[in-house]
2 protein chains.
Amino acid sequence: MIESDIKIPTTRNAITTFNMIIEAALEKFYEGGYHGTTIQAITQHAGVAAGTFYLYFPSKMSLYKHILITLSHNIRKEIASKVALKETRLEKEREGIKAFVQYVQQNPQMYNVIWESLYIDRGLFKEYYESFARRYVKGLSHAQAQGEIDTLDVEVTAYVLMGITNFIGLKVLLDLGENNEDLEHIIDSVMMLLERGLFTRK
Amino acid sequence: MIESDIKIPTTRNAITTFNMIIEAALEKFYEGGYHGTTIQAITQHAGVAAGTFYLYFPSKMSLYKHILITLSHNIRKEIASKVALKETRLEKEREGIKAFVQYVQQNPQMYNVIWESLYIDRGLFKEYYESFARRYVKGLSHAQAQGEIDTLDVEVTAYVLMGITNFIGLKVLLDLGENNEDLEHIIDSVMMLLERGLFTRK
DNA sequence: TCATAAACTGAACCATTATTCATGATTATA
DNA sequence: TATAATCATGAATAATGGTTCAGTTTATGA
């Protein structure tokens, strides 16, 4: 395991400190990115001394990886639990998009942390999207076996759907374009496209 | 203009040097990202001394911005010219995806440079996607007026299509998942989805 | 051919910052 | 209460890397 070198504390106070450092790091990484954030800035924001950082993390890098892994666990769990409540693939798809966008809104640091891995550790970046896709493919294959979705290449479809979800999330998070307040309307539009296709029928 | 502080040279040799620095920077930024790349590394790779860099660029940052702007100009021009050759919106859409993915394959530094702007200058990142979307919206609105595409929210649709294109590009570039050799097959799958929708019809 | 400008050099400067460590405070245990 | 173990400090260290500049080479054109 990558994070085996992190000393996860057991006593009450130490756990608080540990978590405060992570919280502070999330905020700072969001603001300035990995390289734009100093240990001083993190620890200062967490209200501890610089040296305290190294009681828990052997390096700045290990903190970053720990955060990346935690975030990706969380979002996957979040989406999976919400999607599981729905019956049809159509409903699952709608719920998945919604859960993702809401998670992003509540954890705006996500894109920064995950995308930055492209420059920090390309393996982690690939692993994140590939394992996300793998789970997606499973769900789509199942739906295909049930006759719910068309006979498409499920892997390509998984990346298409991930692309849609990610860019809608980005639009809402960074307020790209207009009308980002009404999430239901946005999702309605996306679902209409997935239901009918883009083009008019003759 | 942002890059007005760059001294673009006029004499033959100086232009060569200028371009060699940019080429080297592209390669190094791709390998290690902005922060992971030193001026020393860039100039060494370009075969010039460190000081030479500052004859043309006032700072490392100005080089990055110059590259970002150049890349985004180029890809837009590339896509626009190819899409213009096609008649129907369906053909234009197919051509657009293809042009994008091919551009990405030939300029693999693109994602690194553009996405990294999220940590370097969030305004540039937003500007890039918003202006990309604006052009897309124009095309879609036109197609809608012609009755070629459904009555969808064109802005949301633009981000959906950009998301699809970007993630297919990412899949091919980073070789995520399998079967990334056959680009035509991938594009066929995407287009089928856009034509028919995702779900089977009762 | 020679003078002037343009292009280039790379060692030195200086600011930044990840990490260490000697020391002190706090908490748990016997 | 004594003693060990844990937790915390923050100044010092050491390395890195963007930028400068005084000097050298190359090109130009009269």
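Chain letters run A, B, ... following the sequence lines, proteins first, then strands; residues in each count from 1. A quick note: this is a predicted structure, and the numbers were derived from the prediction, not measured.
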How long is the line joining [atom1] of [X] and [atom2] of [N], in whole Å?
{"X": "A:I39", "N": "C:dT20", "atom1": "CD1", "atom2": "P", "answer": "11 Å"}
{"X": "A:Y54", "N": "C:dA18", "atom1": "OH", "atom2": "P", "answer": "6 Å"}
{"X": "B:I15", "N": "D:dA27", "atom1": "CD1", "atom2": "C1'", "answer": "15 Å"}
{"X": "A:K60", "N": "C:dT16", "atom1": "NZ", "atom2": "P", "answer": "15 Å"}
{"X": "A:Y64", "N": "C:dT17", "atom1": "OH", "atom2": "P", "answer": "19 Å"}
{"X": "A:M61", "N": "C:dT19", "atom1": "CE", "atom2": "P", "answer": "11 Å"}
{"X": "B:Q44", "N": "D:dG17", "atom1": "CD", "atom2": "P", "answer": "12 Å"}
{"X": "B:I42", "N": "D:dT19", "atom1": "CD1", "atom2": "C1'", "answer": "13 Å"}

| With the sugar-phosphate defined as primed atoms, P, OP1 and OP2, and the base as all remaining atoms, what B/S/- string results for nucleotides 4-12 of chain D, 5' to 3', for protein heavy atoms under 4.0 Å? | ---SBBB--
| Closest non-hydrogen atom pair, B:L173 against B:P108 |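 Smallest heavy-atom distance, with atoms named: CD1-CB, 3.6 Å.
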| What residues, two or more places apart in sequence or in another chain, satisfy side chain to side chain donor-acceptor pair (under 3.5 Å) together with B:D150? |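 Side chain to side chain donor-acceptor pair (under 3.5 Å) check on B:D150 returns nothing, list empty.
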| message | At 4.0 Å (heavy atoms only), tell me whether A:T37 reaches a base, stays on the sugar-phosphate, or touches nothing. | response |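 Sugar-phosphate contact only - A:T37 comes under 4.0 Å of backbone atoms but never of a base.
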| Partner set under side chain to side chain contact (heavy atoms under 4.5 Å, CB included) for A:S141, not counting sequence neighbours |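 Result, side chain to side chain contact (heavy atoms under 4.5 Å, CB included) vs A:S141: A:V137, A:V154.
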| Between the main-chain N or O of A:L152 and the side-chain N or O of A:Q144, is there a donor-acceptor pair closer than 3.5 Å? |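 Indeed, once roles are kept as given, a pair shorter than 3.5 Å links the two residues.
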| message | Would you say the ring centers of B:F18 and B:F57 fall short of 6.0 Å from each other? | response |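 Here the rings of B:F57 and B:F18 have centres that are less than 6.0 Å from each other.
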| message | For the aromatic rings, using the six-membered ring if either is Trp, is the centroid distance between B:Y119 and A:Y34 under 6.0 Å? | response |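 They do not qualify: ring centres at least 6.0 Å apart.
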